[in-house]
Amino acid sequence: MSYERTDDIPGADGGDGRQEPAPIEPEAIRILTDPNSWLSGGTAGSSSTSTETRAYSDDFRLSEGSRVAVIGGGPAGSLFAQFLLKTLNRTGTSIELDIFEPRNFDFCGPAGCNHCGGVVSESLVQLLAAEGIVLPDETVQRGIDSYVMHMDVGSVRIDTPLQEKRIAAVYRGHGPKNSEISNIPGFDQHLLQRATRLGANLRPQMVTSVDFTTGRPELTLADGRSENYDLLVIASGLNSALLSMVEQTGCGFVRPKAAKSFVAEFKLGADAVERHLGNSMHVFLLDLPHLQFAALIPKGDYVTLVMLGDKVDEALVNAFLNAEEVRKCFPERRPPPNICQCFPRLNVSQARRPYADRLIFIGDSGVARLYKDGIGSAYRTAKAAANCVSLYGFSSSDLEKHYWPACRKIIIDNLMGKCVFGVCHLIQKLAFARRSVLRMTEQEQNDANVVPRMSSVLWDVFTGSAPYKEVFLRTLHPVFIARLMWNLCAANLRIPTGKKPEVTAT
Amino acid sequence: MIGELGRVYHDGEDIVTEGEVGDCMFIIQHGTADVIRNEEGEATVVDTMESGELFGEMAIVENTVRSSTVRARGTVRAITIDRKTFMRRIQEDPSLAISVLEVLCHRVRNLDNTIAHLKHQLDMLSGGNS
Ligand SMILES: Cc1cc2nc3c(=O)[nH]c(=O)nc-3n(C[C@H](O)[C@H](O)[C@H](O)COP(=O)(O)OP(=O)(O)OC[C@H]3O[C@@H](n4cnc5c(N)ncnc54)[C@H](O)[C@@H]3O)c2cc1C
């Protein structure tokens, strides 16, 4: 069975052949982030017009000719397909694997994008490379080698220990709105192409419903056709109405909770980006209500703004953009009008029971890392699911034994993450704490002989490179606590650090 | 230039040096590097690494010194994979080691070919001399 990839997702074609979506207001983008909104005909739940007949294996193992459906061609879906096909290739088993992905990653702007900051963490860059997935130079919009932390009390730069650009800033789609000439090959497209090169079939169709009444997953597609599979992997992210549909099948799955966040793109031009932001990600610890984390990420000609929090709305975005610490990162201290924006949803809790017989939820649809490195947790859950399916099977008990532990590990680490972000939030609120963090970090960055304890904690919190548990334990080290206490006194008594800071404190 | 990951090594610069302790392996993002082995004071190029290739894994796996020098031929950009990141992940997911095993298998196969080729040449030479 072969399927041609088409670009005819209803509602995504601006009519000029370049498939440019209509001008987008934040509200409209919010709707676009739900792929179901692309459907013009409302085919959800429509009855099947063709159901394939074929003998399916009765046990919960893949064998020659088994059929696997992956809903969603984001990082979780594409990576799952790659890992599964690679392992089965080693054992000489050939299966049919379909990835259903209606989004065309060749579109610029929100229609071709899975809405995210696009930071591929240091640890993920390394692990993907070890898996043989090397990110091409064209996809990496900027190699990041440092972080600059901005607070009202001053700013400090934290460099990677190796002076190496180890973090990749990418676009998930084909770039921001109106960036056609830049011809940016996106991250998701790269991963999806790798999956198809390994033998996955890309089916550019929306899955509108899932049914398990026959004991096997039966998918209904946007064109009304139905298809049966041996195994269904749901990697449809958070924004899919499909998740609530599966919730109602009684398999025990409960979708993850989500909060609204904000992503916007500013076009500054490569020179201005270089001058004002360089190869650093700029993170802001500002005392603004409901703001958990905000960052400016330099990418080629553009800068991406990401804001995470429990209630990110237009008023908060405006307050943030008007903060002096943010304004000074832009030419003439004035952020230009943004050219692309969206309010995507972000996982704030995990799904309940992200597996059942013949069914697995991976990536954001199942369990994701709190606030950071969501692509990294998509990789981890995809890999664990592929290993379980190829080596053990896909009954509920197989998945509980061999897939669930990977999810549980992320969930437990997220509990630690909550503590870590709780402390960050406290620092955001308390000026004397901000001053001491700034002083301690400055001292470490300006003196090579000082062990960078605070810098490494901040680095791992901002980059999401290390497990939260490890970060948390590092803050309990007696030397860390002693130095923090000393800096707490010294910073608030204004005792100078002795060396000139690289980035000025105010 | 800006969209580039890793560290740049200039022509002739050593990325790793034979005999040094290593705690990371490398992937070449861009460029070509020579693998050089010193035998009795004489440097011999024993292999060439291209973009996308992994090296330095032996020092990570065995915790020994680097067995050869890898030197940039032209400009090379490479990223490192830390032993800690790699080993920690292997604890969680042993299958990650298979990708390194594949590299090692490939290298052993190449070595077998080289040995067979050299043996053949040696036989020819000794045959020709007798
Ligand atoms: C504001 C924000 C910033 C973020 N920044 C970062 C960051 O910098 N770094 C990082 O690592 N993570 C970041 N994340 C998290 C990251 O975006 C997610 O964790 C990651 O995208 C999860 O990948 P996924 O494949 O599970 O889901 P997604 O990337 O959401 O992919 C799901 C895919 O499924 C498809 N789909 C949905 N429904 C259907 C259907 N019914 N039929 C067929 N296909 C369907 C969609 O089109 C989509 O392509 C951020 C998240 C937010 C909200």
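The structure displayed is predicted, hence computed values, not measured ones. Each chain gets a letter, A, B and so on, in the order the sequences are listed, and its residues count up from 1.
Rounded to the nearest 0.5 angstrom, A:Arg380 CZ and B:Glu92 CD are separated by 5.0 Å. Atom-to-atom distance recorded for A:Ser123:OG and B:Arg88:CZ is 8.0 Å, nearest 0.5 angstrom. Between the CD atom of A:Glu131 and the OG atom of B:Ser95 there is a distance of 6.5 Å, given to the nearest 0.5 Å. Distance check, rounded to the nearest 0.5 Å: CG of A:Asp137 to CZ of B:Arg77 gives 4.0 Å. One distance of note links CZ of A:Phe83 with CG of B:Leu96; it measures 8.5 Å at 0.5 Å rounding.
Contact of A:Arg90 with chain B is made through the side chain alone, with heavy-atom distances under 4.5 Å. When heavy atoms are compared at a cutoff of 4.5 Å, A:Ile167 approaches chain B solely by way of its backbone atoms N, CA, C and O. Neither the backbone nor the side chain of B:Glu57 comes within less than 4.5 Å of any heavy atom in chain A. For chain A, the nearby part of B:Ile27 is the side chain; its heavy atoms alone come within less than 4.5 Å.
A donor-acceptor contact under 3.5 angstrom links the side chains of A:Arg166 and B:Thr80, judged on distance only.
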Could you go through A:Lys383 and B:Arg89, starting from their C-alpha distance and side-chain angles, then the distance that decides it, and tell me whether this counts as side chain to side chain contact (heavy atoms under 4.5 Å, CB included)? CA-CA 12 Å; A:Lys383 185 81 192 278; B:Arg89 181 67 190 145; 3.9 Å; yes
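Most heavy-atom pairs under 4.5 Å with chain A: of the set B:Leu54, B:Val100, B:Ile98, this distinction falls to B:Ile98. Per-residue counts of heavy-atom pairs under 4.5 Å with chain B were compared for A:Val125, A:Leu127, A:Val134; the largest is that of A:Leu127.
In B:Gln91, the CD atom is not crowded: 12 or fewer heavy atoms of neighbouring residues, nucleotides or ligands sit closer than 6.0 Å.
Ion pairing between B:Lys84 and A:Glu470 holds under the 4.0 Å rule for side-chain N and carboxylate O.
Judged by distance alone, the side chain of B:Ser99 and the main-chain N or O of A:Ala130 form a donor-acceptor pair under 3.5 Å.
Taking both residues in full, the closest heavy atoms of A:Glu164 and B:Ile79 are given as OE2-CA, 3.4 Å, listed atom of the first, atom of the second, then distance. Heavy-atom minimum distance, B:Ile81 versus A:Ala129: CD1-CB, 4.1 Å.
Side-chain contact between B:Glu4 and A:Asn279 is absent, with no heavy atoms from C-beta onward closer than 4.5 Å.
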